[in-house]
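First the proteins, then the strands, lettered A, B, ... as listed; each starts at 1. Keep in mind it's a predicted model, so treat the numbers as computed, not measured.
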Protein chains: 2
Amino acid sequence: MPRSVAEKPEKLSRIQTANRALITEAALEVFATEGYRGATIERIAERCGMSKTNLLYYFPNKDEIYRTVLAQTLEGWLDPFIEISPDADPEEALGNYIAEKVALSLDRPEASRLFANEIHRGAPLIHDFLKTELKDLVDEKAAVIRQWIDSGKLAPVDPYHLIFMIWATTQHYADFAVQVEAVMGRAPDTDEITQAITGMILKGARPA
Amino acid sequence: MPRSVAEKPEKLSRIQTANRALITEAALEVFATEGYRGATIERIAERCGMSKTNLLYYFPNKDEIYRTVLAQTLEGWLDPFIEISPDADPEEALGNYIAEKVALSLDRPEASRLFANEIHRGAPLIHDFLKTELKDLVDEKAAVIRQWIDSGKLAPVDPYHLIFMIWATTQHYADFAVQVEAVMGRAPDTDEITQAITGMILKGARPA
DNA sequence: GTCTATATCCGGATAGAC
DNA sequence: GTCTATCCGGATATAGAC
């Protein structure tokens with residue numbers, strides 16, 4: 001959890017914590033679809049039934065709202081990734097990870113889009129986080145995957161690209177949900193997506 | 001090429017066409033990183049060495065600039081997809097498609113991000129295009145893939161998800177280039193990415 | 001803690017001289 | 001075709017009453 005993105009304020013009253021939670025939840029949706037500059041305080045306010053000025057009583061400014069929401073998003077984002085364990089069977093470990101990520105993506109697609117948006121802008125707030133904390137974590141998991149490959153439990157694929165592939169596909173169903181639904185004529189559920197991704201990543205499309 | 005997104009103006013002088021091209025190129029970059037509302041006419045203008053008012057001589061308003069850029073983007077986007085032929089060998093056809101998409105993504109990452117942005121907003125301008133033209137096209141290619149499966153040339157995967165998988169991965173390297181580079185500590189080239197995706201999609205990570 | 005009113009700024013767009 | 005000047009709406013943020 002990158003402290004660098006947003007400072008946690010000290011000592012909040014009960015209503016303060018409650019209202020800040022209301023605000024960040026509404027803000028997540030607005031920032032995710034409208035982008036940083038496209039989002040307006042007024043839209044966030046009306047979405048959580050609050051007046052603009054009242055909202056600004058709980059947060060000093062727009063930027064602080066954004067930083068808080070982003071920090072919260074990153075927090076939950078890495079948890080399933082961290083849990084990939086070297087001791088587990090690779091197919092099971094990766095399968096679990098994919099399943100959890102898909103569930104998360106369908107459950108909170110706005111979080112996924114918010115993150116995507118930050119990256120599109122060139123990651124002004126989290127560039128440092130990506131190069132340090134995230135890189136270290138990925139290096140660590142890449143080593144695990146390499147170990148699996150060396151012991152013959154996995155085909156010799158590049159660990160980094162394997163990880164990117166999982167991120168890319170799981171996120172796609174959140175970020176491009178509109179397109180997926182338009183093209184398929186329906187919205188695929190968690191199970192269907194998980195099956196599709198797991199099958200493809202692990203087995204591929206080449207005939208047995 | 002969706003006519004619905006932007007009308008082509010008739011009869012443009014030589015300088016008009018040239019300057020409009022300058023503008024749309026600059027606009028592509030700004031819209032791609034800042035989003036629709038985040039982009040300002042002034043930024044677009046300064047990026048192509050023009051004054052704000054002068055720019056507005058060539059385009060009536062901001063919206064028209066956006067529509068034009070978006071239409072241009074969609075135009076090039078589908079070409080490689082259309083060329084997937086039922087007569088070709090599946091591995092070759094898909095491999096070629098992936099290679100072309102990756103090359104395109106690395107060559108024009110802004111186009112990819114612009115499209116992603118439009119989808120994130122809920123596809124206000126191209127929702128109709130997605131449900132009609134794009135859906136028809138995907139249905140058609142899905143049938144081709146299904147045919148390959150029926151004749152045993154491909155493993156029994158869901159054609160739609162296979163297509164999404166290819167879109168997701170190829171686009172990831174354009175849209176999340178900042179993250180990829182931060183995590184890997186270097187920028188992978190076209191060949192490396194194409195190999196990684198093709199290998200994964202066709203063969204998967206399970207040991208032979 | 002919540003409201004009304006308002007200062008301030010910025011971006012889109014137009015008028016009109018050259 | 002390009003410029004300067006300007007209007008207008010909308011968005012952030014603050015002041016101050018209640």
Check your understanding: Do A:Y58 and A:E64 have side-chain atoms, one donor and one acceptor, less than 3.5 Å apart?
Key -> no
**Study point:** Distance-only donor-acceptor check, side chains A:H161 and B:E192, under 3.5 Å
**Key:** yes
Practice item. Under the ring pair (Phe, Tyr, Trp, His ring centres under 6.0 Å) rule, collect the residues that match up with A:F59, sequence neighbours excluded. Key: none
**Study point:** Value in whole Å for how far the P atom of D:dT12 lies from OH of A:Y66
**Key:** 15 Å
Check your understanding: How many Å lie between CD on A:E46 and P on D:dT12, as a whole number?
Key -> 12 Å
Review point. Counting heavy atoms not belonging to A:R14, are there more than 12 under 6.0 Å from its CZ?
Key: no
Review point. B:N96: what forms a side-chain hydrogen bond (donor to acceptor under 3.5 Å, both in side chains) with it, not counting sequence neighbours?
Key: none
How would you list all residue pairs meeting side-chain hydrogen bond (donor to acceptor under 3.5 Å, both in side chains) that involve [range], not counting sequence neighbours?
range	value
residues 20-36 of chain B	B:E29-B:R47, B:Y36-B:D63
residues 78-94 of chain B	A:R206-B:E91
residues 136-146 of chain B	B:K135-B:D139, B:D139-B:Y160

Exercise for review: Using a cut-off of strictly less than 4.0 Å between a heavy atom of the residue and any atom of DNA chain C, enumerate the qualifying residues of residues 53-64 of chain A by number.
Suggested key: A:T53, A:N54, A:Y57, A:Y58
Study note, to complete from the structure: Residues in residues 20-41 of chain B with a heavy atom under 4.0 Å of DNA chain C, by number, are B:A39, B:T40, B:I41
Check your understanding: Would you say the ring centroid of B:W167 lies under 6.0 angstrom from that of B:F81?
Key -> yes
Exercise for review: Go through the structure and list residues passing side-chain contact (heavy atoms from CB on, under 4.5 Å) with B:A93, not counting sequence neighbours.
Suggested key: B:A88, B:W148
Point to revise | Partner residues of A:K52 under the side-chain contact (heavy atoms from CB on, under 4.5 Å) criterion, sequence neighbours left out | key: A:I41, A:E42
Can you give each donor-acceptor pair under 3.5 Å made by side-chain atoms of residues 103-115 of chain A, sequence neighbours left out, with the distance rounded to 0.1 Å?
from, atom 1, to, atom 2, distance (Å)
A:S105, OG, A:K101, O, 2.9
A:S112, OG, A:Q171, NE2, 3.0
A:S112, OG, A:D175, OD1, 2.7

Review point. Is a side-chain N or O of B:K62 found less than 3.5 angstrom from the main chain of B:A39, in a donor-acceptor match?
Key: yes
Review point. Could you give the start and end, 5' to 3', of the contact zone on DNA chain C for chain B, using atoms under 4.0 Å from its heavy atoms?
Key: C:dG11 to C:dT14
Review point. To 10°, what angle do the rotation axes through the five end pairs on each side of the helix from C:dG1-D:dC18 to C:dC18-D:dG1 form?
Key: 0°
